[in-house]
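Notes follow the structure.
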Amino acid sequence: MSANHNELPKAYNPKGVEDRIYEAWEKSGLFNPDNLPGERTESFCIMMPPPNATGTLHIGHAMFLTLEDMMTRFHRMRGRAALWLPGTDHAAIATNTKVEKLLAAEGRTKYDLGREGFIKRVEEYIEGSRGTIRKQIRKMGSSCDWSREAYTFDEQRNRVVREMFVRLFNDGLIYRGYRIVNWCPRCESTLADDEVEYREEPAKLYYMKYGPFVVATTRPETKLGDTAVAVNPNDERYQAQIGQTFEVNFGIGPQQIRVIADEEVDREFGTGVVGITPAHSAVDFAMAEKNKLPMKKVIGEDGKMTALAGKYAGFVAVEARKKFVADLQKLGLIEKIEDLTHKLSICYRCSTPVEPLTSRQWFVDVNRSIATRDGQTLKQLSLEVVRDGRIKILPERFEKVYYNWMENLRDWCISRQIWFGHRIPVWYCQSCYVGNDAPERVGDSSSYERAGQPGLIASVETPTKCPTCGRDENIGDLSQDTDTLDTWFSSGTWTFSTLGWPDQTADLKKFHPTQCLETGYDILFFWIARMILMTTYAVGEVPFETVYLHGLVRDEQGRKMSKSLENIIDPLDVAEKYGTDAVRLSLIIGNTAGNDLKMSEEKIEYYRNFANKLWNISRFILLNLDSDKAGSEATKGTKFPKSKTLADKWILSRLATVIESVTLDIESYNFSRPGETLREFTWNELADWYLEIAKVEGDKSEMLSYILRTILKLWHPFMPFVTEEIWRLAFAENENDFLLVAEWPEPSKEADVLEDRQIAEEKFNKIREVVIAVRNIRSEKKIEPAKKIDSIFSCHGNFSELMLDQAEIIKHLTRSLDFKISADDELARVVSNSSSTTTTSGVSIAVSLDGAVDFDQQKLKLQKDLSEANKYIGTLQGKLSNDDFITKAPSQVIEAEKKKLAEAEDRSAKLEEQLKALG
RNA sequence: GGACGAUUAGCUCAGUUGGUUAGAGCGUCUCGUUUACACCGAGAAGGUCGAAGGUUCGAAUCCUUCAUCGUCCACCA
């Protein structure tokens, strides 16, 4: 737009630029695919993994925002209807825990506020902090469609969750039953299997006299709930007892104990006899299920011993253990106590030890065949879509991890006793609902409550009437279940709940299935597996075609970032300091799917420097265009330029290759390599060579404007701010002309125009080689950069023609006054006490020197070069004289080797001549 | 216990289906105010590709075993 670029600052300063540009983008409405120009039949959609509404942006968020924004921008420029849908997560249990902590700091508990008061408090808290994360997402340059922003706990998502629950319930896939669950006594709630973490702790192993056996246990107090002991079926020590029942008395009355056999039992551990506590161990529960054992719940939800524990009732489990062990010791029932370390299961949110216990909860049945899905189970559906390739997981190795997890998935406990979350949409009729009691024996699924049970109502809308007995809510007969749903139950609907499901909206048709789901491998199970499970069931489609899993961001020593290590890099701090573009590049380049990334400020600084380099490249080009034909057609860069010189042909050929490989790489989810390709091209080819040449050749308006225009487009998905700013200064026709929606360069179109790309590149590379060789001599001989020199080349074949043709370039780049082309023997003669020489394949070079020449040093150098060349010749000859190689290797390989040999021999011969000339 | 990944220049990493005299960036060394850029330019040094076997005309690349580090899953009652 501006015709005069003299006032552009020498260094790019992202401050001010970034916010202004983001605002302009947002105002333009172009993040919304509905507003994109042109006919866009093909869509590209990514659902943003919703950050916790109460969170703040950390480097992991910055990484996924960068990757997803890059994909979105790329596909938008490629002409697709690109939708990146943002949102936040209510994160039920995490938020609940956070607010409880806040209350604790005020000396209060949730009970002081009551359920409603507490939820109100949670919502206020979220309202206060939600804006932060939204602002931070913008700061990273995220081109997501804010008009479609979603929240996992808003009205629409609430409706979807209820709808989902009711459908699953009606298909018999949700049931209520007594099963073993992970119980967090602090949260007073169940946890899913994958919400349990482990911590190594020292513990005691107590050897208890146990009827006819001795049983080793770390938790003696649970033995009060034992109903069996198990031995390995092949353990010859206990063969006689298998199947028998005996009685023990630990001081609270007699307990009937059966002896069962199970492969799971390790003969080597302890005494090879395990006490089985069906109500308080997942493994024991599974064994009990197989053997239909009775269960005795001796620990309650409050973490205290129950009435069934006799005199120990009311004590917290750990206290009960102390008392119980002391009592047993008095009775002489403790044989010995050993030390061991074991892994304690703890809550992933509050690190409180988890108490496994049986409880009446809601479960999703993953192994029940679904009539409406060809009799497949949820587990089978979820496995099938990955197995048949409808969902591709990158990197591929995580597919195996997924299978392994999915194959071993147990029924998913979805009810939580925390207050904040989606309320379970189930009502019980006080008149006719009779809940099933805890079953006598484990694994009695006839006690499970499912659809069809009288007075048990699952409903999307609050029911007004009991369908069984007809009594209505007004007389207080219907009461809703007090539990809430696992937070992952709602996140599992993310790809379709955000698009209007269950209504068949235009968005749903257009954008579902989504193309890519990009997230960290740490939530493969929590989230991705749940989305696959719920979407294949509810929508009958896969939620996404490709899963791209990124790794963890670590510090420069490879440690996890943590507050205690004080090694956290705050993306907002460094974005402020170095610019968002620099942060983005440091997160993309060097990062590959599934691998962790080491991050450091130095790295970010390097990319800050690169952004500045691009700025200055642009500045140079713009100043050039100014002085040339400012404002004319030729400076717009919209036309593929006519190449006039070898350098033009070379750079255009290289650019065509870059367009091709960058496009292909991003399409195939390689993001680091295109960044490197572009950096290499921009810095090491365009800036270091072509722009220097442009200074001598001149008349480059068409070339330079086209190249700048093109690389701005190619760089835009990686560093949107600086490229958009340069675009505005250089090419924008008006203030609504955004690089954001510029057309991506078409690879084949460019390449077709060029002929003899390979020849042009080979020729130019030869020039580069010669220039570097001369510079090498200058550097070795310590010739001041400002001093002009004279050179003599002797060339083979048609190289002399090439050298003469490109004389201006060579002189400029080597700071030579002039050079001469001479025949071989002539060069050898010229090499005297006033020259330094070197040889590249095809061209020998001598540079005239003023001062005295160190013959010995020069001779040594030549000899070293010669011996290296001869050694190389040796290996090549060896290869070529090997019959096996000649007969078995493909002919192009053999030809290539022959060519290498010829070149090496040529070089060797020249070196010898030069040596001879030196005497 | 099971599975997976990593191991290439001092550091961080590339290396596509086996065919380069093994590459880049940082760092190091030498030189430098050349009409964009010192957030820069020119040049250089630096690697028996974790170890040992094997397959092959040919291995950083494929196979086997081992070592070290790391991750995930299961779990010792």
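Per chain, numbering begins at 1; letters A, B, ... match sequence-line order.
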Taken to the nearest whole Å, CD/Glu556(A) to P/C26(B) is 16 Å
Short N-O contact, Glu692(A) and Lys695(A), less than 4.0 angstrom: yes
Looking only at atom P, what distance separates A14(B) and G5(B), rounded to whole Å? 15 Å
When the distance from CG of Leu686(A) to C1' of C37(B) is rounded to whole Å, what number comes out? 13 Å
Pick the closest RNA chain B nucleotide for Lys598(A) and for Val893(A) by heavy atoms, then say which residue is nearer the 5' end. Lys598(A)
Across the strands shown, which category fits Lys343(A) at heavy-atom distances under 4.0 angstrom: base, sugar-phosphate, nothing? base
For U35(B), the nucleotide meeting Watson-Crick or G-U wobble distances (both under 3.5 Å) is none
Glu201(A) with Arg199(A): basic N within carboxylate O range, under 4.0 Å: yes
Which one, U16(B), G19(B), C4(B), comes nearest to the side chain of Arg673(A)? U16(B)
Under 4.0 Å from OP1 or OP2 of A42(B): is there any side-chain N or O of Asn776(A) that close? no
Touch class at under 4.0 angstrom, heavy-atom based, for Ile772(A) against every strand present: sugar-phosphate
What nucleic acid atoms does Ala786(A) come within less than 4.0 Å of, heavy atoms only: base, sugar-phosphate, or nothing? nothing
Length of the CD-P vector between Glu784(A) and U33(B), whole Å: 9 Å
If you take atom types as modelled and just measure distance, does the side chain of Glu692(A) reach the base of A36(B) with a donor-acceptor pair under 3.5 Å? yes
Under 4.0 Å between any heavy atoms, over every strand shown, what does Pro890(A) touch: base, sugar-phosphate, or nothing? Just pick one. base
Show your reasoning for whether ring pair (Phe, Tyr, Trp, His ring centres under 6.0 Å) applies to Phe620(A) and Trp615(A). CA-CA 9 Å; Phe620(A) 172 78; Trp615(A) 175 260; over 10 Å; no
First locate atom NZ of Lys223(A), then atom NE2 of His280(A), and finally report the distance between them rounded to the nearest 0.5 Å. 10.5 Å
Across the strands shown, which category fits Tyr606(A) at heavy-atom distances under 4.0 angstrom: base, sugar-phosphate, nothing? sugar-phosphate
Taking the same atom, C1', in C29(B) and in G46(B), what whole-Å distance lies between them? 11 Å
Closest listed nucleotide, where the reference is the side chain of Asp688(A) and the choices are G43(B), A77(B), A42(B): A42(B)
Examine A36(B): is either OP1 or OP2 under 4.0 Å from a nitrogen or oxygen in the side chain of Lys695(A)? Give yes or no. yes
Check whether any side-chain N or O of Arg608(A) sits under 4.0 Å from OP1 or OP2 of C39(B), and answer yes or no. no
Proximal nucleotide (of A77(B), C37(B), A42(B)) relative to the Arg775(A) side chain: A42(B)
Walk me through whether Tyr402(A) and Phe525(A) qualify under ring pair (Phe, Tyr, Trp, His ring centres under 6.0 Å). CA-CA 7 Å; Tyr402(A) 173 82; Phe525(A) 307 138; 8.1 Å; no
Counting only side-chain heavy atoms from C-beta out, which of U21(B), G41(B), A77(B) sits nearest to Trp683(A)? G41(B)
Tell me if the NZ atom of Lys560(A) is crowded by more than 12 foreign heavy atoms within 6.0 Å. no
Can you check whether any acceptor in the base of U21(B) is under 3.5 Å from a donor in the side chain of Arg907(A), or vice versa? yes
Taking pairing as Watson-Crick or G-U wobble with both contacts under 3.5 Å, can you name the mate of G47(B), or confirm there isn't one? none
Would you say a side-chain N or O of His342(A) is under 4.0 Å from OP1 or OP2 of C75(B)? no
State the pairing partner of A59(B); accept Watson-Crick or G-U wobble contacts with both distances under 3.5 Å, and report none otherwise. none
Can you tell which of A24(B), C57(B), C76(B) lies closest to the side chain of Phe269(A)? C76(B)
Inter-residue atom distance Glu601(A).CD - Lys603(A).NZ, 0.5 Å rounding: 13.0 Å
Go through U30(B), U21(B), G25(B) for me and flag the one nearest to the Tyr872(A) side chain. U21(B)
For C13(B) and G50(B), measure between their P atoms and round to the nearest Å. 15 Å
Apply side chain to side chain contact (heavy atoms under 4.5 Å, CB included) to the pair Val386(A) and Phe398(A), showing each step before the final yes or no. CA-CA 11 Å; Val386(A) 180; Phe398(A) 279 98; over 6 Å; no
Counting only side-chain heavy atoms from C-beta out, which of U20(B), A77(B), C57(B) sits nearest to Asn882(A)? C57(B)
Interatomic distance, Tyr402(A) OH vs U71(B) C1' [rounded to whole Å]: 21 Å
Any idea which of G25(B), C72(B), G5(B) is nearest the Phe525(A) side chain? C72(B)
Would you say a side-chain N or O of Trp405(A) is under 4.0 Å from OP1 or OP2 of A74(B)? no
Can you measure Trp615(A) atom CH2 to A36(B) atom P for me and round it to whole angstrom units? 16 Å
So what does Glu396(A) hit on the nucleic acid, given a heavy-atom distance under 4.0 Å: a base, only sugar-phosphate, or nothing? nothing
In this structure, how many angstroms lie between the C1' atom of G19(B) and the CG atom of Leu901(A), rounded? 16 Å
Verify the contact: side-chain N or O of Lys613(A) to OP1 or OP2 of G41(B), cut-off strictly under 4.0 Å; return yes or no. yes
Rounded to the nearest Å, what distance is computed from the OH atom of residue Tyr198(A) to the P atom of nucleotide A77(B)? 11 Å
Describe the nucleic acid contact of Ala230(A) in one word from base, sugar-phosphate, nothing, applying a heavy-atom distance below 4.0 Å. nothing
Interatomic distance, OG1@Thr519(A) vs CE@Met63(A), rounded to 0.5 Å, equals 10.0 Å
With both distances kept under 3.5 Å, what pairs with C11(B), Watson-Crick or G-U wobble? G25(B)
Can you name the closest pair of heavy atoms from Ala582(A) and Ile604(A) and give their distance? CB-O, 3.6 Å
Give Asp284(A) one of three labels, base, sugar-phosphate or nothing, depending on what nucleic acid heavy atoms sit under 4.0 Å from its own. nothing
Where each residue is assigned the nucleotide of RNA chain B containing its nearest heavy atom, which of Lys603(A) and Asp266(A) is assigned the position nearer the 5′ end? Lys603(A)
Please give the distance between the C1' atoms of U17(B) and G53(B) as a whole number of Å. 25 Å
In whole angstrom, give me the gap between the P atoms of A74(B) and U28(B). 47 Å
Is any side-chain nitrogen or oxygen of Lys888(A) closer than 4.0 Å to OP1 or OP2 of U56(B)? no
Pairing partner of U16(B), by Watson-Crick or G-U wobble and under 3.5 Å for both distances, is none
Could you check whether Val283(A) gets within reach of a base, just the sugar-phosphate, or nothing at all, counting any heavy atom under 4.0 Å? sugar-phosphate
Length of the CD-P vector between Glu676(A) and A24(B), whole Å: 12 Å
What is the base-pairing partner of U68(B), counting Watson-Crick and G-U wobble geometry with both distances under 3.5 Å? A6(B)
At 4.0 Å (heavy atoms only), tell me whether Arg815(A) reaches a base, stays on the sugar-phosphate, or touches nothing. base
